Amino acid sequence: MPIPQNDPAIDRRLLRDDVYHRLRDAIVDGTLAPGEQLRDGDLATWLGVSRTPVREALLRLAEAGLVAAQPGRSTTVTSLSERAVREARDVVAAMHQLAVRRAVGNLSEAEIERMRQANLRFREAIARGDIETALRVDDELHAVPIAAAANGALAAVLDQFSPVLRRAEMLRFSSVAGVASANRHDDLIQACAEGDVERAAQIAAGTWSTLDPAPRSPDEQ
């Protein structure tokens, strides 16, 4: 497999999570393409680490459905199937709904304002077709109620399953649906500001449950 040459080595103080996030992001953005075979030695060389954290990361990626591992044989990047997106979407929607239920009523005005500012940047990014920035500030916006919910298990579940939806989000944000997402954010922020738990929770769930599943992979057609 071709290994990128221009990325710096990982800070060893946060080795395990950094390796996982670097590999996860490389799969989501297509650097590591569907069907590509992953060799832990090659990946370790690329990231400047030993094979152990790479192997641990590959196990986590397999749990998320981003790679398929055959013990003693090979590990490959999976094709994103409609079923995988649908299942992850349902879990992620439920977790965001729970986060908002726990957060509304506890959000400070400063936190609400952070959500507003993130959505302003989101609109600007969508308008200029900057999908990478749109994804980043969308994460920033939704991170506010997640942090306010202060539920480590909830955050861990989102960390596992949200990457499966990233490609579907990219398709949404690159279309006219991106503007609708910004409007939905406005409604969510307003409901949070007003302390309307039920409305905010409904909007939060709908934001994720309306993501279109990915096209079927050949083995599911």
Side-chain angles (χ1 to χ4, degrees), residues 7 14 17-18 20-31 64 66 80 85 88-89 91-104 106-152 154-194 196 199-212 214:
D7 285 340
L14 301 172
D17 286 343
D18 279 349
Y20 168 71
H21 288 114
R22 287 276 292 277
L23 293 179
R24 181 198 67 184
D25 292 347
I27 291 170
V28 169
D29 69 20
T31 300
L66 293 176
L80 191 62
V85 173
R89 180 187 63 186
V91 171
V92 169
M95 292 299 99
H96 278 282
Q97 183 179 47
L98 176 60
V100 167
R101 282 189 185 279
R102 295 289 184 267
V104 172
N106 297 319
L107 292 168
S108 67
E109 181 54 41
E111 289 169 321
I112 295 291
E113 184 59 24
R114 285 208 303 273
M115 294 175 72
R116 291 193 183 104
Q117 292 302 316
N119 201 34
L120 285 175
R121 298 197 305 276
F122 179 83
R123 281 188 183 278
E124 293 168 355
I126 291 295
R128 64 176 182 269
D130 184 352
I131 305 307
E132 181 178 350
T133 297
L135 289 166
R136 186 178 68 254
V137 295
D138 182 71
D139 286 344
E140 290 176 12
L141 188 155
H142 292 291
V144 173
I146 291 170
N151 185 319
L154 182 155
V157 171
L158 286 174
D159 188 59
Q160 177 178 347
F161 289 101
S162 294
V164 180
L165 302 181
R166 184 63 70 176
R167 297 175 205 171
E169 287 184 272
M170 291 174 70
L171 291 174
R172 170 185 276 184
F173 294 163
S174 63
S175 70
V176 294
V179 175
S181 293
N183 294 337
R184 194 178 293 112
H185 289 161
D186 282 337
D187 292 340
L188 173 63
I189 295 165
Q190 184 64 31
C192 289
E194 294 173 354
D196 190 334
R199 182 163 172 261
Q202 182 179 22
I203 295 168
T207 297
W208 301 95
S209 64
T210 55
L211 273 175
D212 290 333

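Since the structure is predicted, the reported quantities are computational estimates derived from the model, not experimental observations. Numbers here simply count residues along the sequence, with the first being 1.
Listed by chain and number, the residues in a ring-ring contact (aromatic ring centres under 6.0 Å, His included) with F122 are F173, H185 (sequence neighbours excluded). Considering only residues two or more places apart in sequence or on other chains, Q117 meets the side-chain hydrogen bond (donor to acceptor under 3.5 Å, both in side chains) condition with E113. Partners of D196 according to the salt bridge (Lys or Arg N to Asp or Glu O under 4.0 Å) rule, which considers only residues two or more places apart in sequence or in another chain, do not exist here. A search for salt bridge (Lys or Arg N to Asp or Glu O under 4.0 Å) contacts involving R102 returns nothing, not counting sequence neighbours. In this view, R114 and E111, V144 satisfy the side chain to side chain contact (heavy atoms under 4.5 Å, CB included) rule, not counting sequence neighbours. Partners of R199 by side-chain hydrogen bond (donor to acceptor under 3.5 Å, both in side chains), not counting sequence neighbours: none found. Evaluation of the side chain to side chain contact (heavy atoms under 4.5 Å, CB included) rule for A204 yields V100, L188 as partners, not counting sequence neighbours. Remark: E109 pairs with R116 by the side-chain hydrogen bond (donor to acceptor under 3.5 Å, both in side chains) rule, at least two apart or across chains. Taking the side chain to side chain contact (heavy atoms under 4.5 Å, CB included) definition, one finds that R136 meets it with T133, E140, sequence neighbours left out. Taking D25 as the reference, nothing meets the salt bridge (Lys or Arg N to Asp or Glu O under 4.0 Å) condition, with sequence neighbours excluded. R184 meets the side chain to side chain contact (heavy atoms under 4.5 Å, CB included) test with R172, S181, I203, T207, T210; sequence neighbours excluded. Evaluation of the side-chain hydrogen bond (donor to acceptor under 3.5 Å, both in side chains) rule for D139 yields R166 as partners, not counting sequence neighbours.
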CA sep, side-chain torsions, deciding dist, call: D130, R121, salt bridge (Lys or Arg N to Asp or Glu O under 4.0 Å): CA-CA 11 Å; D130 184 352; R121 298 197 305 276; over 6 Å; no
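In this structure, CD in Q190 is found 9.0 Å from CG in D186, a value given to the nearest 0.5 Å. A distance of 9.5 Å separates CZ in R101 from CD in Q202, rounded to the nearest 0.5 Å.
Relative ring orientation between W208 and H96 is described as parallel, the plane-to-plane angle staying below 30° on a 0-90° scale split at 30° and 60°.
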